[in-house]
Amino acid sequence: MTLHPDTATARHALPSYLDPNRLGPWGIFLQQVDRVTPYLGSLARWVETLKRPKRILVVDVPIHMDDGTIAHFEGYRVQHNTSRGPGKGGVRFHQDVTLSEVMALAAWMSIKNAAVNVPFGGAKGGVRVDPKQLSLGELERMTRRYTSEIGLIIGPTKDIPAPDVNTNERVMAWMMDTYSMNVGETVTGVVTGKPISLGGSLGRREATGRGVFTVGAEAARRIGLDIAGARLAVQGFGNVGGIAAKLFAEAGARVVAVQDHGGCVYREAGLDVPALLDHVKRHGGVAGFEGAEALDRDQFWDVPCDVLIPAALEQQITRENAHRVTARLIIEGANGPTTPDADDILRERGVLVVPDVVANAGGVIVSYFEWVQDFSSYFWSEEEINERLIRIMKGALNAVWQVAEDKGVSLRTATFIVACERILRARDLRGLYP
Ligand code: GLU
């Protein structure tokens with residue numbers, strides 16, 4: 001176990017909940033901040049700000065189960081940084097989610113929102129529950145009680161939740177309703193990713209996948225990789241991986257392999273993506289898909305491909321498997337899929353990684369549009385939304401590409417430089433209160 005160096009000095013002693021063990025997503029985030037600190041000039045004096053979340057709320061979520069018993073779930077909402085605006089980030093329902101994971105996810109939202117220059121800080125929420133084990137009624141009660149508990153710190157100008165792993169438009173509708181009932185008025189802007197008929201935005205559901213496709217295609221163009229005919233391997237076939245695969249296939253790429261929680265399917269000539277999406281809708285995963293060869297989940301990493309899209313959970317590309325990746329280009333649809341060790345191996349091997357904090361920012365960009373539309377009660381067309389999304393995504397990629405070239409660093413470090421400068425400049429200008 002490596003101790004975080006700051007634990008050694010009383011002046012910067014870490015609060016007890018900040019596990020000094022550098023393993024795990026929060027430890028990875030700390031390493032990413034350390035890598036960028038030498039580039040921050042005089043703003044580096046504020047860097048400790050990033051190494052501890054601004055606010056953490058842990059809540060007990062008790063609900064009546066259908067069988068008459070009472071169940072308790074552990075819930076979190078973490079506001080990592082609000083220097084540039086209200087907290088913003090999704091809510092994840094997952095049996096393995098932990099406080100330190102939510103802290104890292106909140107921190108990556110701070111970086112992401114600053115990297116694409118939307119006026120938000122970073123936040124994230126989670127409940128330790130496997131939603132597939134709940135009935136619809138139980139899921140609704142759990143969502144409502146969780147929302148009520150975090151109601152203390154969320155709000156349209158304070159912190160705005162959105163969908164993440166295992167949460168969707170229906171969950172956002174319940175969250176919006178619960179918050180609204182508690183404050184006595186309909187507040188559509190308290191969450192984004194809502195159904196269209198409740199103040200949701202056109203294009204939001206597809207936005208993350210569309211953003212992954214947009215920066216992926218642009219990065220491919222820059223390294224001379226032709227998307228038409230390129231072989232794509234996708235990990236995770238939910239809202240991000242599924243939509244990105246569909247858009248790449250429409251642009252002529254061959255989606256040769258898809259791995260998810262339940263299995264891995266492979267077809268050299270390219271999978272029928274619409275048929276696979278339909279299969280996943282009906283069966284809950286890619287396993288059992290006809291018209292493809294079934295592989296062991298682990299064989300996914302050896303599949304010959306040009307582009308790899310990890311779009312599932314954190315810490316998937318590690319020191320152990322980074323040398324097995326055959327792709328030239330990795331586009332991170334998930335948050336935190338690559339460890340710093342793996343980043344170094346991939347860079348040495350000449351594999352380009354477009355980091356999560358740019359690649360998957362499409363979701364929060366259209367969340368920003370949704371929030372603006374809710375405030376003004378004036379809704380935009382889908383063409384307008386997609387056009388603005390693409391413009392922001394390409395602009396952000398161009399900007400970090402330039403920094404990466406100028407400073408001779410990876411795209412991830414370049415993105416952290418751009419984002420940390422924006423966050424810490426805001427911090428510096430605001431000064432300390434009192
Ligand atoms: N959960 C998504 C993410 O990780 C979207 C967050 C949002 O729209 O606020 O970026």
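We count ligands from 1, going down the list as the structure has it; atoms in each ligand are counted the same way. The chain is numbered in sequence order, starting from 1. As the structure is a computational prediction, the values presented were derived from the model and not from experiment.
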task = Give the contacting part of Glu370 toward ligand 1: side chain, backbone, both or neither, where contact means a heavy-atom distance below 4.0 Å.
result = neither
task = Show which atoms of ligand 1 fall inside a sub-4.0 Å distance from at least one heavy-atom site of Lys124.
result = 1 (N), 3 (C), 4 (O)
message = I want to know if ligand 1 touches Asn360 in the polar sense, i.e. an N/O pair below 3.5 angstrom.
response = no
query = How are the rings of Phe248 and Phe213 set to each other: parallel, tilted or perpendicular (split at 30° and 60°)?
reply = perpendicular
message = Evaluate Ile160 for polar contact with ligand 1, using N/O atom pairs at a separation under 3.5 Å.
response = no
query = Can you list the ligand 1 atoms lying under 4.0 Å from a non-hydrogen atom of Gly363?
reply = 8 (O)
message = Quick check with a 6.0 Å cut-off and a 45 degree axis cone: is Arg388 positioned over the face of Trp380's six-membered ring?
response = yes
request  = Indicate, as side chain, backbone, both or neither, the part of Met172 found under 4.0 angstrom from ligand 1 when only non-hydrogen atoms are considered.
outcome  = neither
key: For Thr49 against Asn81, the heavy-atom pair lying closest together   = CG2-ND2, 3.8 Å
inquiry  = Give me the residue, atom name and distance of the protein heavy atom closest to atom 3 (C) of ligand 1.
reply    = Lys112 NZ, 3.3 Å
task = Check each heavy atom of Ala361 against ligand 1 and say whether those closer than 4.0 Å belong to the side chain, the backbone, both or neither.
result = neither
request  = Pick one of side chain, backbone, both or neither for how Leu105 approaches ligand 1, counting any non-hydrogen atom pair under 4.0 Å.
outcome  = neither
key: Atoms in ligand 1 flagged as close to Gly89, the criterion being non-hydrogen separation under 4.0 Å   = 9 (O)
